[in-house]
Amino acid sequence: MRTQDPKTIYLSEYQQPAFWVEHVNLTVSLFDGYTEVSSELTLKKNPDVASRELVLNGIDQDIQSLQLDDKQLSSADYHYADGVLTLNCDSEQLIFRAVTRIDPQNNTSLEGLYQSGSMYCTQCEAEGFRKITFYPDRPDVMATFTTRIEADAGQFPILLSNGNPVDSGALEGGRHYAVWEDPFPKPSYLFALVAGDLSSKDDRFTTRSGRDVTLRIFVEPQNAHKVDFALDSLKKAMQWDEEVYGREYDLDLFMIVASDFFNMGAMENKGLNIFNSAAVLASPDTSNDQRFERIEGIVAHEYFHNWSGNRVTCRDWFQLSLKEGFTVFRDTEFSSDTHDRAVKRIETVAGLRAVQFPEDNGPMAHPVRPDSYIEINNFYTATVYEKGAEVVRMIHTLVGPDDFRRGSDLYFERFDGQAVTTDDFVACMEQVSGLDLTQFKRWYTQAGTPRLSVTDDYDADSQTYRLFFHQSCPATPGQTDKRPFVIPVKLGLLGADGNDLPIHTRGNYNAGTEVLTLTDEVTEVVFTGVSERPVPSLLRDFSAPVKWSFGYSDEQLAFLAANDANGFNRWDALQQLYSRAILSMAEDHRAGRSLTPPSVLVETVANVAGDASLSHAIRASMLTLPGYAILKDAVDVVYIDDLIAARKHLVKTLATRYRDIWRSLTEKLSSDAPYEFNAEESGRRQLQGLSLWYWLKAGDQAAFDFAAELYASATNQTDRSNALRAVLAGDAEALQQSLLSDFYERWQSDTQMVEQWLTMQAGTPGMTVPGIETLMQHPAFDIKNPNKVRSVIVGFAMNTESFHDARGEGYALLAKVVQQLNALNPQLAARLVTLLSDWKRYDADRGKMMASALETILATDSLSSNVFEMAQRALKD
Ligand code: PHE
Ligand code: ZN
């Protein structure tokens with residue numbers, strides 16, 4: 001991993017391998033102290049490539065023996081340096097054998113084979129298989145696998161790999177073995193192996209063609225009561241993929257394993273998904289609604305990968321969004337169909353704006369299909385995932401649902417068993433729809449969030465209304481000139497009564513879908529027969545991932561928030577109103593003026609809070625103010641103290657002005673019904689939690705009493721965490737301490753609860769750097785465990801008021817943690833670097849301190865290529 005001079009990989013240099021792998025025979029023998037891996041690769045010359053060089057990746061391999069056909073290889077026969085072994089092979093068909101030893105017990109990178117608590121497991125995406133054995137570790141090499149695992153029978157009764165179990169039995173010395181066969185050719189990144197003392201729970205699913213599939217979840221025994229929800233989610237996802245995409249599962253067995261040590265959310269290994277425990281284990285008593293929702297989405301996501309990712313995979317890692325963007329789109333649609341579409345869209349867009357837009361607006365900006373990378377692990381980003389999903393969503397909008405389904409059918413049929421590109425995906429959509437998507441593909445190649453500014457003009461005499469669209473896109477690293485994007489604009493025109501006016505236009509407007517497609521830098525659209533000056537409702541459902549603006553008055557935004565036929569746009573109009581108010585108060589604060597939120601906003605909030613025609617969930621999201629990530633992204637220079645003061649002032653105003661509303665909502669929304677996770681109930685709890693939070697901000701003693709009682713009597717984690725969140729945001733120090741210690745006392749043996757306990761503390765407004773250092777000394781903390789690190793460190797970095805402490809101590813702490821993790825877990829360390837990457841957006845003092853933290857990181861001894869790439873990109877001019 002460590003390298004003096006990390007090499008950059010370019011998409012333009014893609015070449016097929018000289019040899020394909022047809023079959024892999026793997027034997028993995030676990031011993032205390034080392035693991036021995038014997039592999040046998042059946043190789044075949046690729047006739048399309050002239051080179052005869054066999055290139056195998058291998059990292060941290062202690063070579064016992066290498067053999068080509070019958071010939072034992074000595075070091076003179078091959079070249080092995082920087083993790084690449086090369087040899088020349090004359091034959092068309094050959095067998096390569098390797099016996100190597102590896103050290104999973106000391107593998108803290110959590111890539112390849114590693115120990116996770118009492119079990120062994122693997123993580124091979126993107127390039128982890130090379131830490132297990134020598135292999136052409138690239139996704140375009142697809143092979144069938146037979147895997148034999150040997151281990152101590154007492155310690156590791158369960159031995160798992162991909163595909164079907166074909167053999168097992170006892171061995172000498174208390175050991176045993178199991179053999180698994182995966183009949184589907186797959187790239188090495190989808191390989192998985194698990195050994196442990198695990199308990200399991202089964203369920204069944206019958207596919208629509210009548211295949212009987214066993215669903216089996218493996219967990220450490222203490223978690224056996226937390227698997228039912230994931231099993232249910234899995235069945236729903238399987239059903240949905242059959243109904244919506246016509247995709248069936250293809251093996252007789254589908255397994256999920258929960259692991260406490262995991263760098264990401266979960267992994268879609270063929271037939272053997274491995275999950276971060278936090279992304280799969282659920283119970284009402286330990287998981288709040290948000291967690292249930294997230295688990296359902298991730299279970300579905302990994303399952304959907306079986307087609308979008310596994311059966312049809314990526315040719316190279318530049319194509320990552322081929323599987324991730326598409327699969328995120330699929331899981332988002334699944335959640336929308338299962339729960340509430342408008343609520344889901346709001347959550348998705350809020351997330352996109354808080355994470356992907358800032359990424360696209362700084363030194364880390366990169367295209368959905370990047371052109372180059374040093375370390376591919378650094379490209380599992382919001383851009384590849386979430387913007388990638390938006391790109392697929394726009395294709396869906398442009399071609400329409402029927403052609404989209406035809407296009408996806410064609411894609412899965414044409415490319416089944418192949419490793420392909422985003423161009424191949426788009427070509428299928430073009431073929432079925434007859435649309436030319438050449439220009440549209442700029443969404444894959446140009447980074448940066450497009451700006452769309454809109455103005456209008458109304459002529460009462462001719463009853464003509466005009467909209468003028470002007471699009472542009474700021475420069476991003478390595479890309480100065482951008483060409484126009486294809487932007488689908490879904491819109492409506494509201495009359496004074498709040499209803500949509502009929503639309504007649506000669507422009508490129510499809511009345512059925514209400515979508516206008518912009519292709520030029522400047523577009524004028526003429527609407528005829530418009531009987532009054534309308535208020536335009538633009539980018540309905542956020543039809544394109546752009547930053548758009550229209551010169552609305554506050555009153556017009558309030559009007560849209562109250563009347564727009566599009567639920568998403570009601571929310572969005574109010575968000576614009578909040579942002580505008582906070583940003584202008586921040587300027588007032590900076591100039592030493594007094595702060596007064598606009599009365600039209602304050603009144604709108606009361607209307608929304610009391611609007612019984614809106615669902616609880618929609619009301620809750622409309623009453624939630626934009627967070628700092630979104631606010632910061634809207635200004636040229638972030639003066640964080642002013643922003644904090646302004647946002648707090650708005651919260652305080654709304655809290656105190658409407659304390660009676662918050663109180664009555666809080667009380668009215670109580671329920672004794674047993675916990676159920678569904679859109680209705682979670683909406684109720686969400687609105688109650690938010691109301692309680694506001695009520696508490698008003699400082700009423702009754703609110704603190706209510707929260708303490710809700711905490712004490714809660715029969716589910718949603719109510720409990722709502723109570724805690726409200727109390728932690730208030731300033732009743734004694735109550736905070738007593739609830740936090742009660743929480744730990746009661747739940748210290750539950751890993752997921754301890755993680756939440758750490759996160760809550762890291763996010764408490766009064767948190768300090770010494771406080772975080774103390775937390776890191778707590779026995780519950782473990783620097784080798786990514787979930788714990790994320791809870792404390794990312795939790796703290798998200799705590800805007802504390803992390804951006806004016807002396808820069810927060811930045812220095814982060815640099816120290818990155819340095820420590822650089823040696824242990826480079827992937828995680830690199831991820832933490834992004835928390836400093838927006839340094840240039842802050843005032844000069846803070847910017848300097850953040851940059852110097854980055855310099856400290858860059859000066860670390862034995863810097864991993866992962867951290868090097870991120871720190872260096874962050875600092876680049
Ligand atoms: N492919 C995984 C997913 O999207 C994410 C992942 C990437 C997990 C790399 C582990 C390592 O579900
Ligand atoms: Zn994925």
Side-chain angles (χ1 to χ4, degrees), residues 1 107 109-114 116 121-132 137-139 162 186-194 230 233-234 237 241 254 256-280 294-314 316-335 368 370 373 375-389 391-392 419 422 425 786-787 790 825-831 866:
M1 201 69 357
N107 179 359
S109 73
L110 314 187
E111 285 183 302
L113 179 65
Y114 63 92
S116 168
C121 68
T122 53
Q123 173 51 46
C124 294
E125 187 177 6
E127 299 180 331
F129 195 71
R130 63 189 63 184
K131 291 184 146 194
I132 297 176
D137 192 11
R138 42 187 291 165
N162 316 85
K186 65 167 177 289
S188 50
Y189 82 85
L190 291 172
F191 173 81
L193 178 156
V194 169
S233 303
L234 176 59
D241 212 16
F254 185 88
I256 288 179
V257 177
S259 160
D260 281 350
F261 287 71
F262 205 77
N263 274 337
M264 310 279 272
M267 182 62 212
E268 69 264 25
N269 316 302
K270 183 78 187 187
L272 177 57
N273 286 188
I274 297 179
F275 273 64
N276 187 325
S277 296
V280 62
R294 173 159 172 260
I295 289 173
E296 185 181 65
I298 299 186
V299 168
H301 178 98
E302 306 312 330
Y303 174 72
F304 296 154
H305 268 316
N306 190 54
W307 276 96
S308 50
N310 301 3
R311 289 285 288 258
V312 181
T313 195
C314 302
D316 55 72
W317 290 118
F318 298 100
Q319 317 298 329
L320 183 56
S321 196
L322 173 73
K323 74 177 177 81
E324 296 305 347
F326 188 22
T327 304
V328 171
F329 173 71
R330 277 151 55 68
D331 80 59
T332 306
E333 282 297 296
F334 164 71
S335 302
V368 169
Y373 60 78
E375 179 52 64
I376 186 56
N377 280 313
N378 287 332
F379 285 80
Y380 286 77
T381 59
T383 297
V384 167
Y385 276 66
E386 275 73 33
K387 186 178 182 179
V391 171
V392 175
T422 54
F425 177 79
N787 287 4
R790 276 187 287 256
N825 185 337
Q827 228 182 91
L828 179 60
R831 224 152 242 278
N866 307 57

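The shown structure was predicted, so the numbers you read here are calculated from the model rather than taken from an experiment. Atoms within a ligand are numbered from 1 in the order they appear, just like the ligands themselves.
Residue Glu324 counts as close to the Zn ion (ligand 2), with an N, O or S atom under 2.8 Å.
Under the side chain to side chain donor-acceptor pair (under 3.5 Å) test applied with Lys270, the options Asn162, Asn310, Asn306 reduce to a single match, Asn306. Considering Leu193, Ile132, Leu113 as possible partners of Cys124, the one that fulfils the side-chain contact (heavy atoms from CB on, under 4.5 Å) test is Ile132.
Listed as neighbours of ligand 1 are Gln123, Glu125, Met264, Ala266, Met267, Glu268, His301, Glu302, His305, Lys323, Glu324, Tyr380, Tyr385, each bearing a heavy atom under 4.0 Å from the ligand.
Atom NE2 is the N, O or S atom of His301 at the shortest distance from the Zn ion (ligand 2).
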List the steps and the verdict of side chain to side chain donor-acceptor pair (under 3.5 Å) for Thr327 and His301.
CA-CA 6 Å; Thr327 304; His301 178 98; 5.3 Å; no
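With respect to the salt-bridge test (charged N to carboxylate O, under 4.0 angstrom), the residues Lys323 and Glu268 qualify.
The two residues Tyr114 and Asn107 make their nearest non-hydrogen contact at CB-O, 3.5 Å.
Looking at residues two or more places apart in sequence or on another chain, you find a side-chain contact (heavy atoms from CB on, under 4.5 Å) between Glu386 and Val328, Leu352, Ala382.
In this structure, Arg330 satisfies the cation-pi test against Phe326, with its NZ or CZ atom closer than 6.0 Å to the six-membered ring centre and inside 45 degrees of the ring normal.
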